[in-house]
Amino acid sequence: MTDEAAPSRPGFARSSSAASGGGNTTGRLAENIVYFARALRAAGIPVGPGSVLDALAALQAAGVGTREDFYWTLHAVFVKRHEQTVLFDQAFHIFFRRRGYLDQLMAMMLPQAPGTEPAKPAAQRVHEALFSGLDKPKQEEREFQADARLTVSDRELLQKKDFAQMAAGEIAAAKDAIRRLVLPLDETRTRRLALARHGHVIDMRRTLRASLKGGGALIDLKYLGPKTRMPPLVALLDISGSMSEYTRLFLHFLHAVTDARKRVHSFLFGTRLTNVTRALKTKDPDEALAACSAGVADWSGGTRIATSLHLFNKLWARRVLTQGAIVLLITDGLERDPDDRLAFEIDRLHRSCRRLIWLNPLLRFDVFEAKARGIQVMLPHVDEFRPIHNLESMAELCRALSADAVRAGDPKMWLRRAA
């Protein structure tokens with residue numbers, strides 16, 4: 001691209017690289033498009049070598065006239081789904097603005113400093129994908145790789161480390177590990193019948209329809225069998241001050257589960273109850289968590305479990321606790337007002353669902369005892385009592401939700417220990 005092809009803007013100096021000739025600029029353009037495609041792939045957009053070649057051909061055919069033309073040309077090639085637009089937009093502006101690649105290639109202006117506008121939800125993930133190791137010296141990188149080879153148990157330590165004690169880098173690694181967790185498909189039988197090869201009921205309509213194809217000479221019997229479907233999964237998460245860090249990471253788990261299962265309902269409670277099911281259906285995890293935080297007014301506040309369970313039983317139980325629903329109750333049980341209402345509401349919740357699993361991060365302590373009044377009231381009305389403080393306990397929960405999993409011990413034994 002020559003100087004005549006690039007429009008001039010008053011107040012900006014031209015780059016010296018553009019003045020040297022068009023051949024070098026074309027080579028740098030191809031190199032930077034390849035690097036930009038790698039960054040998009042690291043951020044979560046599936047971009048292959050074919051898309052890179054298509055992008056280069058599109059840029060040569062359309063010509064690089066303005067920044068807007070450059071943006072929409074790459075957008076037309078790399079973006080295949082609507083939800084990928086947010087990631088592409090953030091990646092484009094961060095990549096070409098921070099490093100000044102587009103400005104140098106188009107000989108329009110020198111690199112600009114990043115603006116002070118607030119970052120969008122997907123910007124952090126895109127920024128990490130773009131600049132996760134560009135400014136580190138090679139010597140430090142070699143030392144890091146050597147340390148990584150010698151430290152064999154880093155992954156095991158991450159699995160066992162408490163969420164509340166993780167650094168920022170470890171939390172990012174934990175989020176990636178949570179995204180890869182697979183929830184088993186625990187299907188339950190319903191009263192309805194569906195077409196089955198080895199069913200026990202003859203489907204007369206399909207049998208007669210199939211016999212017409214052969215003129216009625218042969219009759220191939222069609223059978224019906226029990227229909228199975230995945231039960232609803234309902235999560236009630238405590239967002240009080242002592243539970244906020246655990247709840248944030250568990251929301252990443254629920255976001256991944258919501259993508260794989262249709263009937264997942266999520267509620268946050270502190271001093272009030274908030275339904276965040278629709279917010280977690282956003283494809284991008286950063287946007288989903290930002291929407292949850294924006295819709296909750298009592299984050300890191302107090303805890304009123306009885307009041308929140310009363311609102312759930314009154315307003316939502318009949319809507320979401322159907323067809324053998326499984327309820328995950330994530331709280332430490334430290335109720336602010338432990339009275340008789342708590343026992344009534346937790347018992348009503350237990351009777352309305354197929355399984356009630358209480359996930360309590362306090363179980364991470366070996367000396368834990370069920371001495372708090374709220375814990376003593378709730379334990380007799382739950383089916384399982386499990387920890388939820390690290391990746392290992394979260395993986396155990398995934399295995400516990402399978403159909404053939406071994407149930408945990410009787411939760412009432414904690415009451416006998418405290419007696």
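Because only heavy atoms are used, hydrogens play no part in the values below, and waters and symmetry mates are left out as well, while side chains stay in.
No side-chain heavy atom of Ser244 sits less than 4.5 Å from a side-chain heavy atom of Ile239. A heavy-atom distance below 4.5 Å is not found between the side chains of Leu233 and His265. Side-chain contact check for Trp299 versus Arg248: some heavy-atom pair is nearer than 4.5 Å. The side-chain heavy atoms of Leu359 and Phe385, taken from C-beta on, include no pair separated by under 4.5 Å. Put simply, the side chain of Leu193 does not reach to within 4.5 Å of the side chain of Tyr223, judged on heavy atoms. Contact annotation: the side chain of Val382 never approaches that of Ile357 to less than 4.5 Å [non-hydrogen atoms, C-beta and beyond]. Between Thr207 and Ile202, some side-chain heavy-atom pair lies under the 4.5 Å cut-off. Side chains of Arg41 and Pro46 form no contact here, defined as non-hydrogen atoms less than 4.5 Å apart.
No side-chain donor-acceptor contact under 3.5 Å links Ser266 to the backbone of Thr277. Within the 3.5 Å criterion, the main-chain N or O of Leu289 finds a donor-acceptor partner in the side chain of Ser293. At least one donor-acceptor pair under 3.5 Å links the side chain of Arg263 to the backbone N or O of Met230. At least one donor-acceptor pair closer than 3.5 Å links the side chain of His255 to the backbone N or O of Thr282. Asp347 contributes no side-chain N or O that, together with a main-chain N or O of Ala343, makes up a donor-acceptor pair within less than 3.5 Å. At least one donor-acceptor pair under 3.5 Å links the side chain of Trp358 to the backbone N or O of Thr331. Listed for the Thr85 side chain is a donor-acceptor partner under 3.5 Å among the backbone atoms of His82. Judged by distance alone, the side chain of Lys80 and the main-chain N or O of Val77 form a donor-acceptor pair under 3.5 Å. The main-chain N or O of Leu415 is never found under 3.5 Å from a side-chain atom of Gln376 such that the two would form a donor-acceptor pair. Between the side chain of Thr247 and the main chain of Leu237, no donor-acceptor pair closer than 3.5 Å is present.
Of the inter-residue distances, the one linking Arg355 atom CZ with Leu328 atom CG reads 9.0 Å to the nearest 0.5 angstrom. Between Ile330 atom CD1 and Leu254 atom CG the span is 6.5 Å, to the nearest 0.5 Å. Here CG of Leu273 is found 12.5 Å from CD1 of Ile305. Values are rounded to the nearest 0.5 Å. Atom-to-atom distance recorded for Arg354:CZ and Thr322:OG1 is 12.0 Å, nearest 0.5 angstrom. Expressed to the nearest 0.5 Å, how far CG of Leu236 lies from CG of Leu268 amounts to 9.5 Å. Taking CG from Asn360 and CD1 from Ile388, the interatomic distance works out to 10.5 Å, rounded to the nearest 0.5 Å.
The salt bridge (Lys or Arg N to Asp or Glu O under 4.0 Å) test applied to Lys222 returns Asp220, not counting sequence neighbours. For Arg81, the salt bridge (Lys or Arg N to Asp or Glu O under 4.0 Å) partners at least two apart in sequence or on another chain are Glu83. With sequence neighbours excluded, the residues forming a salt bridge (Lys or Arg N to Asp or Glu O under 4.0 Å) with Asp203 are Arg206, listed by chain and number.
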Inset, instruction - Could you give me the CA-CA distance, side-chain angles and deciding distance for Met394 and Asn390, then say whether side-chain contact (heavy atoms from CB on, under 4.5 Å) is met? - result: CA-CA 6 Å; Met394 197 169 290; Asn390 54 18; over 6 Å; no
Inset, instruction - Determine, stepwise, if the pair Leu249 / Ile171 fulfils side-chain contact (heavy atoms from CB on, under 4.5 Å). - result: CA-CA 8 Å; Leu249 289 174; Ile171 290 179; 4.0 Å; yes
Inset, instruction - Please test Leu56 against Ile33 for side-chain contact (heavy atoms from CB on, under 4.5 Å), starting from the C-alpha separation and ending with a verdict. - result: CA-CA 8 Å; Leu56 293 173; Ile33 292 301; 3.9 Å; yes
Inset, instruction - For Leu349 and Leu356, run side-chain contact (heavy atoms from CB on, under 4.5 Å): C-alpha distance rounded to whole Å, both residues' side-chain angles, the deciding distance at 0.1 Å, then the answer. - result: CA-CA 8 Å; Leu349 177 64; Leu356 177 56; 4.1 Å; yes
Legend entry - Test log, rule side chain to side chain donor-acceptor pair (under 3.5 Å), inputs Ser51 and Asp54: CA-CA 5 Å; Ser51 299; Asp54 293 340; 5.3 Å; no
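When every heavy atom of Val320 is checked against every heavy atom of Pro232, the shortest pair comes out as O-CB, 3.9 Å. The two residues Ser393 and Pro387 make their nearest non-hydrogen contact at CB-O, 3.5 Å. Taking all atoms of both residues into account, the shortest heavy-atom contact from Ala37 to Val47 is CB-CG1, 3.7 Å. The nearest pair of heavy atoms linking Ala400 to Glu384 is CB-OE1, 4.3 Å. In plain terms, the two heavy atoms of Met243 and Pro361 that are nearest each other are SD-CG, 3.3 Å. Between Ser308 and Phe269 the shortest heavy-atom distance is OG-CB, 3.4 Å.
Note on ring orientation: taking the six-membered ring where Trp is involved, the planes of Phe92 and Tyr71 are perpendicular (angle over 60°, cut-offs 30° and 60°). Phe312 and Phe267 have perpendicular rings, their planes meeting at more than 60° on a 0 to 90° scale where under 30° would count as parallel.
Salt-bridge formation is not detected for the pair Glu335/Arg304: no Lys NZ or Arg NE/NH1/NH2 atom is positioned less than 4.0 Å from an Asp or Glu carboxylate oxygen.
Note: His75 and Phe88 meet the aromatic proximity criterion, with ring centroids under 6.0 Å apart.
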